[in-house]
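Since the structure comes first, as structure tokens, the remarks are kept for the end.
Numbering of ligands and ligand atoms starts at 1, following listing order. Positions are given from 1, in the same order as the sequence printed here. Quick caveat, the model's predicted, so the values are computed rather than measured.
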Amino acid sequence: MLSKKTVVLGVTGSIAAYKAVDLASKLTQEGATVEVAMTPAATEFVSPLTFRAITGRPVVTDMFDSDVEFSIEHVALAERADVVVVAPATADIIARMAAGMADDTVCCTVLATKAPVIVAPAMHAGMYQNAVTQDNIRRLKARGFHIAGPAHGRLASGGVGPGRFVEVEELLAAIRQVLGKSVGLAGRAVLVTAGGTQEPIDPVRFVGNHSSGKMGYAIAEAARDRGATVTLVAAPNSLPDPAGVKVVRVGRAVEMREAVLKAAVGKDALTMAAAVADYQPKVVSESKMKKGAMSLNLELVRTPDILAEVKGIPIKVGFAAESENLLVNARAKLKQKDLDLIVANDITLPGSGFGSDNDRVSLIDRRGKVEDLPLMSKREVAEKVLDRVETFLKQMRTPSRKRIG
Ligand code: CTP
């Protein structure tokens with residue numbers, strides 16, 4: 001989503017300026033055109049040449065450099081920007097932006113732009129907590145600026161407190177989210193599940209499955225990038241929490257049921273990518289079971305069918321991982337769980353399914369229409385699924401839409 005976007009990155013004089021290099025690099029890798037403007041103080045921490053090498057673009061540092069002709073360039077940058085990101089933002093630049101000053105390349109660009117502005121504060125905790133800085137941040141917020149961070153943690157001064165530059169991944173998420181405001185799921189709330197539930201046998205063992213969680217995480221990130229507010233109910237997996245997404249970690253199917261029913265209230269859509277165990281041990285041993293006889297029978301009882309149980313959510317999307325009779329089984333689940341869409345996945349296909357980064361799936365809707373998709377990345381599958389969710393949500397606004405099933 002960042003390709004063809006112009007991000008103007010305003011770097012100011014904080015030790016965290018080196019982290020802006022990483023940000024510029026990641027934005028560039030994602031296809032954005034990154035135009036960097038630096039205050040004179042920022043150039044004391046990182047050389048403009050570093051940003052130039054990373055972005056492949058000239059870096060604007062001096063208002064009066066006749067070679068760059070910034071007096072024209074800053075207006076051009078301000079106009080070309082799809083988003084302006086001031087990162088790191090010192091207490092000084094925050095004060096000057098709040099006052100509408102235009103005496104360096106960064107605040108000049110901010111003053112001139114009509115694009116959304118994201119500010120990532122980084123400073124000493126005392127400066128951040130000072131009533132003047134807090135007041136300036138409030139003023140910026142009131143004018144529609146987005147404030148990312150700061151984080152709480154170890155500061156360059158040696159102390160610990162608020163004022164630490166937000167993690168680059170979080171800032172990237174904020175940028176995607178701000179840019180995503182113009183796309184399909186802005187203002188929507190989406191609930192996603194991921195991972196494979198683990199049903200305990202005793203304190204050390206469980207009944208589980210091979211789900212990696214990658215599909216659900218890809219959907220959560222894609223929905224976030226389309227501007228949705230996303231809640232992810234995650235069964236155990238080894239993936240890090242996606243930035244900008246509310247993550248609720250659960251273990252067992254019954255815990256997932258509770259979390260999903262609670263989080264579903266007020267959501268526009270549920271996409272249930274989790275591999276929920278169908279059975280759980282009838283009795284969970286409180287102490288570690290010792291080995292004994294040559295054979296052991298484990299009695300299992302059914303878990304709740306979460307997707308079938310969730311009612312009242314406008315759009316429900318399910319997944320069907322099948323090893324045979326793909327379409328017949330998927331259609332039966334679509335009907336039985338009252339779904340708008342089911343993503344049918346033949347797990348026997350090479351390079352597709354559990355643990356893989358790719359999937360070859362078919363999408364089946366309420367009308368029974370089947371779309372066979374080629375092998376693609378899980379993120380691409382996620383985009384296809386969300387295209388459908390967007391269409392369904394748009395159709396719901398037109399009263400003629402009738403449920404078929
Ligand atoms: N699902 C659920 N609760 C369960 C089992 C499954 O919510 N107890 C959801 C899954 O997240 C998925 C869909 O239902 O979106 C289909 O899951 P799947 O395991 O393929 O089907 P089951 O209904 O469990 O049927 P079966 O195991 O017999 O294929």
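- Salt-bridge annotation for R366 and D338: present, with a side-chain N of the basic residue lying under 4.0 Å from a carboxylate O of the acidic one.
- Side-chain contact check for R249 versus N237: some heavy-atom pair is nearer than 4.5 Å.
- The protein does not reach atom 19 (O) of ligand 1 closely, with no heavy atom under 4.0 angstrom from it.
- At least one heavy atom of A274 sits less than 4.0 Å from an atom of ligand 1.
- Of all atoms in ligand 1, listed by their number and element, those nearer than 4.0 Å to a heavy atom of A321 are 20 (O).
- Under 4.0 Å is where a charged nitrogen must lie from a carboxylate oxygen, and between D340 and K316 no such pair does.
- Of the listed residues (E309, Q280, Q336, K333), the one carrying the non-hydrogen atom nearest atom 25 (O) of ligand 1 is K333.
- Near A320, meaning under 4.0 Å from one of its heavy atoms, ligand 1 places the atoms 20 (O).
- Between F319 and V361 there is no side-chain heavy-atom pair separated by less than 4.5 Å.
- Residues V233 and L191 meet the side-chain proximity criterion, which asks for heavy atoms closer than 4.5 Å.
- Side-chain contact annotation: S25 with Q29, donor-acceptor N/O pair under 3.5 Å present.
- With a heavy-atom cut-off of 4.0 Å, I306 touches ligand 1 through backbone and side chain alike.
- Considering only non-hydrogen protein atoms, atom 13 (C) of ligand 1 sits nearest to F319 O, 3.1 Å.
- Under a 4.0 angstrom heavy-atom cut-off, P304 registers as being in contact with ligand 1.
- Of the candidates T90, I93, D92, T90 is the only one forming a side-chain contact (heavy atoms from CB on, under 4.5 Å) with S14.
- At under 3.5 Å, a nitrogen or oxygen of K337, whether backbone or side chain, sits near a nitrogen or oxygen of ligand 1.
- Using a 4.0 Å cut-off between a side-chain N of Lys or Arg and a carboxylate O of Asp or Glu, D225 and R379 qualify as a salt bridge.
- For atom 8 (N) of ligand 1, a protein heavy-atom neighbour is found at a distance under 4.0 Å.
- The G318 neighbourhood of ligand 1 comprises atoms 15 (O), with distances under 4.0 Å to a heavy atom of that residue.
- In terms of polar-atom proximity, L307 is counted as a contact of ligand 1, with an N or O under 3.5 Å from an N or O of the ligand.
- The pair D346-R360 does not count as a salt bridge, with every side-chain nitrogen at least 4.0 angstrom from each carboxylate oxygen.
- Where the criterion is an N or O separation shorter than 3.5 Å, residue side chain and backbone included, M272 meets it with respect to ligand 1.
- Near T303, meaning under 4.0 Å from any of its heavy atoms, are these atoms of ligand 1: 8 (N).
- The part of D278 lying near ligand 1 is the side chain, judged by heavy-atom distances below 4.0 Å.
- The residue among V276, V254, L270 with a heavy atom at the shortest distance from atom 4 (C) of ligand 1 is V276.
- With no hydrogens or angles considered, no side-chain donor-acceptor pair links S377 and D357 at under 3.5 Å.
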